[in-house]
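The structure appears right after this line, and notes come after that.
In this text, all values refer to a predicted model and were calculated from it rather than measured experimentally. Note that these values count all heavy atoms, side chains included, but never hydrogens, waters or copies made by symmetry.
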Amino acid sequence: PCGISMAAMRAVYLLRSAASQGRARERTYVGFTVDPRRRLRQHNGGRRRGGARRTSGRGPWEMELFVHGFPSDVAALRFEWAWQHPNSSRRLLAPPLRRPRERPISFALRLLPRLLRAPPWSRLPLRVRWLRPPPPSLDLVPPDHVVQEQGAEPPRLKRKKGRGQEVEVGMDGCGLCQEGFMLPRPFQMQATPLLRCPRPQCSMAAHPPCLARLFLASEPLQLLPVGGTCP
């Protein structure tokens with residue numbers, strides 16, 4: 001499989017301690033990173049290598065999974081905080097209580113689908129990448145649009161070289177509002193790119209806001225559509 005672009009990576013990850021004995025045994029840690037592979041090395045290297053205070057000297061650590069696909073750092077950091085503090089987060093209206101003798105990793109995995117189902121994350125195109133196959137069975141299923149991936153270890157990220165690619169500008173207009181966006185070249189970067197139907201036989205193209213209004217017709221109180229049917 002190909003690597004993941006660094007520009008697109010905002011990951012909230014779950015670590016578990018692989019220590020066989022002592023106070024560190026079965027500890028967990030939730031954090032945020034733009035490079036899971038590098039962050040895992042830092043945690044296992046201790047504070048001198050950039051690891052966190054809570055993980056230093058309590059390893060070795062293994063990464064159980066990470067959630068990615070967040071549209072901004074703020075969205076990812078809020079997800080991280082809610083996973084770390086489920087009883088203080090306003091996103092979980094009825095956070096589950098930790099069961100007697102429940103392992104920390106089991107409790108963290110029980111929280112995960114509940115967070116994925118809570119707004120605003122329930123509307124985002126998130127992906128869960130499991131790094132220790134086979135993935136465990138969760139007591140609550142994540143939303144249908146959340147993609148679950150598998151991989152033996154954190155992926156290598158492809159660093160982009162040179163300048164970013166120009167935004168594609170539609171040449172034949174929006175099929176919903178019927179407005180075209182062929183602007184003079186100095187203004188092309190201000191144009192709204194069109195989204196095109198992925199089916200080869202369909203020529204439909206539309207602005208994202210136009211599609212959003214169409215897809216949200218049955219959910220007028222929502223801001224982000226989860227999906228919809230090509231018109």
Any chain of hydrophobic side-chain contacts (each under 4.5 Å) joining Phe107 to Leu138? yes
Report yes or no: does Trp83 contribute a side-chain atom to a donor-acceptor pair with the main-chain N or O of Leu115 at less than 3.5 Å? no
Considering all heavy atoms, the nearest Pro143-Leu116 contact: CG-O, 3.4 Å
Considering only NZ, NE, NH1 and NH2 on the basic side and carboxylate oxygens on the acidic side, decide whether Arg114 and Asp139 come within less than 4.0 Å. yes
Of all the heavy-atom pairs spanning Pro71 and Ala75, show the shortest one and how long it is. CD-CB, 4.1 Å
Scanning both residues in full, the closest heavy-atom pair of Pro113 with Leu140 reads CB-O, 3.1 Å
Any donor-acceptor pair under 3.5 Å linking the side chain of His207 with the backbone of Leu176? no
Ignoring hydrogens, what is the shortest heavy-atom contact between Ala118 and Arg91? Give both atom names and the distance. CB-O, 3.7 Å
Check whether Asn44 reaches the backbone of Pro60 with its side chain - one donor and one acceptor, N or O, closer than 3.5 Å. no
Main-chain N/O of Val30 paired with Gln84 side-chain donor or acceptor, under 3.5 Å: yes
Between Pro86 and Pro96, is there a side-chain heavy-atom distance shorter than 4.5 Å? no
Hey, are Glu219 and Arg123 close enough for a salt bridge, meaning a charged N less than 4.0 Å from a carboxylate O? yes
Between Tyr29 and Tyr13, what is the ring plane arrangement, given parallel below 30°, perpendicular above 60°, and tilted in between? tilted
Donor + acceptor pair across side chains of Trp130, Glu149 (<3.5 Å): no
How far does CG of Leu126 sit from CD of Gln148, to the nearest 0.5 angstrom? 11.5 Å
Where the side chain of Arg98 meets the backbone of Arg103, is there a donor-acceptor pair that is under 3.5 Å apart? no
Can you name the closest pair of heavy atoms from Leu224 and Leu124 and give their distance? CD1-CD2, 3.6 Å
Any link between Trp81 and Phe66 through a network of hydrophobic side chains (Ile, Leu, Val, Met, Phe, Trp, Tyr) touching at under 4.5 Å? no
Pick out which of His43, Arg132, Arg16 makes a side chain to side chain donor-acceptor pair (under 3.5 Å) with Glu62. Arg132
CZ/Arg110: more than 12 non-hydrogen atoms of other groups inside 6.0 Å: yes
For the atom pair OG1 (Thr229) and CG (Leu211), what is the distance rounded to the nearest 0.5 Å? 11.0 Å
Looking only at heavy atoms, which two atoms of Met204 and Pro231 are closest? And how far apart? CE-CG, 3.6 Å
